[in-house]
Amino acid sequence: AKSRGRDRYVVFDRKMHDRSLAIMQVEKDLRLAIEREEFCLHYQPIVSLINGEIVGFEALVRWNHPQRGLVSPAEFIPIAEETGLIASMSWWIFQAACCQLREWQLRFPYYRSLTMSINLSGQQLEQLGMVERLDRILQEVGVEASSIKLEITETSLKETPALVTTLHQLKAMGFQLAIDDFGTGYSSLSRLHQFPIDTLKIDRSFINQMSRDPKGLAIVEAIVILAQHTHITTISEGIETIAQLEQLQTLNCEFGQGYLFSKPLDSNAAYTLLAQNVTP
Ligand code: C2E
Ligand code: CA
Ligand code: CA
Ligand code: CA
């Protein structure tokens with residue numbers, strides 16, 4: 001038994017070792033990728049569930065790896081966070097998403113109230129001088145803060161006075177603030193009022209459960225009702241079926257995104273989609 005225990009330990013250890021090697025490799029690649037500007041953004045439409053109009057896009061980062069092709073952010077964002085590389089990536093993302101929005105607003109006056117949703121990492125929120133830096137980028141690009149929606153995951157919403165202050169500063173500058181993946185973190189609903197939030201994004205896992213499980217439906221309903229009472233809008237993530245869409249319409253959820261409407265699109269495809277809608 002003893003020797004088996006030792007074997008098991010060896011196997012475990014080797015897996016750990018392999019994992020750290022893999023992480024180190026990705027970290028090395030990521031550093032190069034930042035230098036070589038191998039990142040690009042894809043854009044997923046956010047639509048009104050009432051009339052189907054596109055109200056905005058969420059910018060989602062992609063890594064165009066020279067050997068591996070497009071790499072999912074689920075694979076490299078956690079490593080970028082662990083290694084601190086997320087900071088420089090995030091500034092590039094913010095700037096690129098603002099430039100894209102500016103271009104579309106100029107090209108399509110019809111869509112002048114289009115918003116761009118941008119994911120902020122927890123680390124970025126804690127960076128000193130981040131509010132000023134965001135402001136500078138807006139000025140340079142010529143985009144209004146009110147057309148940018150900053151998405152902050154529920155898990156990175158810490159109750160520290162510094163973070164609460166930062167969020168109020170962002171709000172005062174005119175940014176819209178959204179809590180991302182709502183329902184998956186540990187924040188209780190009663191904590192919400194501390195944060196100047198405009199939008200709750202209901203996590204895909206609840207939308208997914210909704211049609212199969214009455215409990216799932218009850219959770220989504222509770223979130224939508226809570227939001228309505230506090231003048232917060234709701235966006236449902238990951239809508240894939242007509243059945244889900246109809247349930248959400250019945251619950252009066254206002255906005256949604258998901259493969260039913262569109263997958264995230266590259267810049268050209270998003271442009272084509274906007275152009276189609278303007279000139280039917
Ligand atoms: P997220 O912010 O919750 O983004 C939504 C994810 O759900 C995206 O995955 C999107 O492609 C996917 N999705 C949208 N509709 C559907 C659907 O109908 N069905 C399914 N199964 N999936 C759907 P993606 O692009 O792979 O991004 C994964 C996560 O990586 C994001 O989750 C976000 O946490 C992170 N991420 C992506 N871009 C950025 C970024 O620019 N900055 C930061 N900090 N994180 C990012
Ligand atoms: Ca998001
Ligand atoms: Ca989300
Ligand atoms: Ca998510």
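Counting starts at 1 for both ligands and their atoms, in listed order. Note: hydrogens, waters and symmetry copies are ignored here, and every other heavy atom, side chains too, is used.
Remark: distances from the non-hydrogen atoms of Q257 to ligand 1 are all 4.0 Å or more. Residue-ligand proximity: E81 is placed with every non-hydrogen atom at 4.0 Å or more from ligand 1. Note on ligand 1: H42 sits outside its first shell, no heavy atom being nearer than 4.0 Å. Residue contact annotation: M89 has no non-hydrogen atom under 4.0 Å from ligand 1.
The CZ atom of F255 sits 11.0 Å away from atom OG of S236, with the distance rounded to the nearest 0.5 Å. Summarising the geometry, atom CD1 belonging to I225 is positioned 9.0 Å from atom CG belonging to N252; distances are rounded to the nearest 0.5 Å. If you take CZ on F206 and CG on L217, they are separated by 12.5 Å, rounding to the nearest 0.5 Å.
Contact annotation for I93 and ligand 1: only side-chain heavy atoms (C-beta onward) come within less than 4.0 Å of the ligand. Counting heavy atoms closer than 4.0 Å to ligand 1, residue L260 contributes nothing at all. For I77, every heavy-atom contact with ligand 1 shorter than 4.0 Å involves the side chain, none the backbone. Residue-level proximity to ligand 1 for D180 is carried by the side chain, the only part with a heavy atom below 4.0 angstrom.
A donor atom on one side chain and an acceptor atom on the other are not found under 3.5 Å apart for Y110 and N277. Neither side chain, T184 nor D181, offers a donor N or O lying under 3.5 Å from an acceptor on the other. A donor-acceptor pair shorter than 3.5 Å cannot be found between the side chains of T199 and Q176.
Salt-bridge formation is detected for the pair E58/K201: a Lys NZ or Arg NE/NH1/NH2 atom is positioned less than 4.0 Å from an Asp or Glu carboxylate oxygen. The pair D266-R62 does not count as a salt bridge, with every side-chain nitrogen at least 4.0 angstrom from each carboxylate oxygen. Looking at R31 and E35, no side-chain N of the basic residue comes within less than 4.0 Å of a carboxylate O on the acidic one, giving no salt bridge.
W104 and F57 have tilted rings, their planes meeting at an angle from 30° to 60° on a 0 to 90° scale.
Ring to ring, F76 and F39 are close: their centroids are under 6.0 angstrom apart.
In summary, the atoms of ligand 1 found under 4.0 Å from a heavy atom of G258, numbered by their order in the structure, are 15 (N), 18 (O). Of all atoms in ligand 1, listed by their number and element, those nearer than 4.0 Å to a heavy atom of G238 are 16 (C), 17 (C), 18 (O). Ligand 1 places these atoms under 4.0 Å from at least one heavy atom of P264: 11 (O). Of all the atoms in ligand 1, the ones that sit under 4.0 Å from a non-hydrogen atom of D181 are 3 (O). Under a 4.0 Å criterion applied to the non-hydrogen atoms of Q44, ligand 1 contributes the atoms 14 (C), 15 (N). Within ligand 1, the atoms closer than 4.0 Å to a non-hydrogen atom of E237 are 3 (O), numbered from 1 in the order shown. Heavy-atom proximity to E58, at under 4.0 Å, picks out these atoms of ligand 1: 2 (O), 4 (O). Numbered from 1 in the order shown, with element, the atoms of ligand 1 that lie under 4.0 Å from a heavy atom of E240 read 17 (C), 18 (O), 19 (N), 20 (C), 21 (N).
Inter-residue side-chain proximity for S147 and L114 is flagged as unmet; no heavy-atom pair is nearer than 4.5 Å.
Closest heavy-atom contact between G238 and I207: O-CG2, 4.0 Å.
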Under 3.5 Å, which donor-acceptor pairs do the side chains of residues 122-145 form with other protein atoms, sequence neighbours left out?
unit_1, atom_1, unit_2, atom_2, d
Q123, NE2, E81, O, 2.6
E126, OE2, K158, NZ, 2.9
Q127, OE1, W91, NE1, 3.4

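Ordered by chain and number, E58 OE2, N119 OD1, E151 OE1, D180 OD2 make up the set of protein N, O or S atoms under 3.0 Å of the Ca ion (ligand 2).
Between Y259 and ligand 1, at least one pair of N/O atoms sits closer than 3.5 Å. At under 3.5 Å, not a single nitrogen or oxygen of P73, backbone or side chain, sits near a nitrogen or oxygen of ligand 1.
I93 is not connected to L60 by any chain of hydrophobic side-chain contacts under 4.5 Å among Ile, Leu, Val, Met, Phe, Trp and Tyr, and they are in different clusters.
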